[in-house]
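All of these numbers come straight from a predicted model, not from anything done at the bench.
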Amino acid sequence: MWLTDGQKIGVALTTFGGLFMLLGVLLFFDGALLALGNVLFVSGLTLIIGPKKTFYFFARKQKLRGTVCFLGGIVLVFIKWPFVGMIVETFGFLNLFGDFFPVIVTFLRQLPFIGTALSLPYIRDVVDRIAGSRTSAV
């Protein structure tokens, strides 16, 4: 599958958004970095899947609680409550994107070094529990 130029820019924006949010958390919840990360993440997501699909993704009835928490967390970060905002936003993020965790774990297990580390006995159990995936023991 080939990405369009807009989708490539979206991937870059989403990646930079995640990095800015991580840096904002590491620098003791710096509000400016968190706000910039939120803007980049949401705009990158919109470029990757398109505005219409983004709207339908966030407007699904079964994901409404996650959407309200995610967007509410972004608003809290913008009004200078970064710690509380990130907690609320993380809860919303897990509700919105939690269904993708088993797919992500399956992909990561196919990578050379990461897959080996994720297949170690105790780590495998923790990752399976976090992702919600149940694999049969071999």
**Same cluster (ILVMFWY, side-chain, under 4.5 Å), Leu23 and Leu19** = yes
**OP:** Please tell me if the side chains of Leu111 and Phe107 come closer than 4.5 Å, counting only heavy atoms from C-beta onward.
**Re:** yes
Hits for ring pair (Phe, Tyr, Trp, His ring centres under 6.0 Å) against Phe29, two or more places apart or cross-chain, chain-then-number order -> Phe83
In terms of hydrophobic clustering (I, L, V, M, F, W, Y; side-chain heavy atoms under 4.5 Å; direct or indirect links), are Leu108 and Val127 co-clustered? yes
With a 4.5 Å cut-off on side-chain heavy-atom distances among I, L, V, M, F, W and Y, is there a chain of contacts connecting Leu71 to Phe93?
yes
Nearest heavy-atom contact between Arg109 and Asp128 is NH2-OD1, 2.7 Å
Enumerate donor-acceptor pairs with a distance under 3.5 Å from any side-chain N or O in residues 112-122 to protein atoms, sequence neighbours excluded.
residue : atom : partner : partner atom : Å
Thr116  : OG1  : Pro112  : O            : 2.9
Ser119  : OG   : Gly115  : O            : 2.8

Hits for side chain to side chain contact (heavy atoms under 4.5 Å, CB included) against Thr106, two or more places apart or cross-chain, chain-then-number order -> Gln110
Worksheet item: Is there a path from Val11 to Phe16 through hydrophobic residues (I, L, V, M, F, W, Y) whose side chains come within less than 4.5 Å of each other?
Response: no
Distance col, row Leu76:CG vs Cys69:SG, nearest 0.5 angstrom, shows 10.0 Å
Are Phe70 and Val75 joined in one hydrophobic group, where the rule is that I, L, V, M, F, W and Y side chains link up if heavy atoms are under 4.5 Å apart? no
One should read off an interatomic distance between Lys8 NZ and Leu13 CG, to the nearest 0.5 angstrom, of 14.5 Å
Which atom pairs, donor and acceptor, lie under 3.5 Å between side-chain atoms of residues 35-60 and protein residues at least two apart or in another chain?
residue : atom : partner : partner atom : Å
Asn38   : ND2  : Leu34   : O            : 3.2
Asn38   : ND2  : Glu89   : OE1          : 3.3
Ser43   : OG   : Val39   : O            : 2.8
Ser43   : OG   : Leu40   : O            : 3.1
Thr46   : OG1  : Val42   : O            : 2.8
Thr54   : OG1  : Gly50   : O            : 2.6
Arg60   : NE   : Phe57   : O            : 3.4

Residues 12-35 vs side chain to side chain donor-acceptor pair (under 3.5 Å), sequence neighbours excluded, gives none
Under 3.5 Å, which donor-acceptor pairs do the side chains of residues 95-105 form with other protein atoms, sequence neighbours left out?
residue : atom : partner : partner atom : Å
Asn95   : OD1  : Arg65   : NH2          : 3.3
Asn95   : ND2  : Phe91   : O            : 3.0
Asp99   : OD2  : Lys63   : NZ           : 2.8

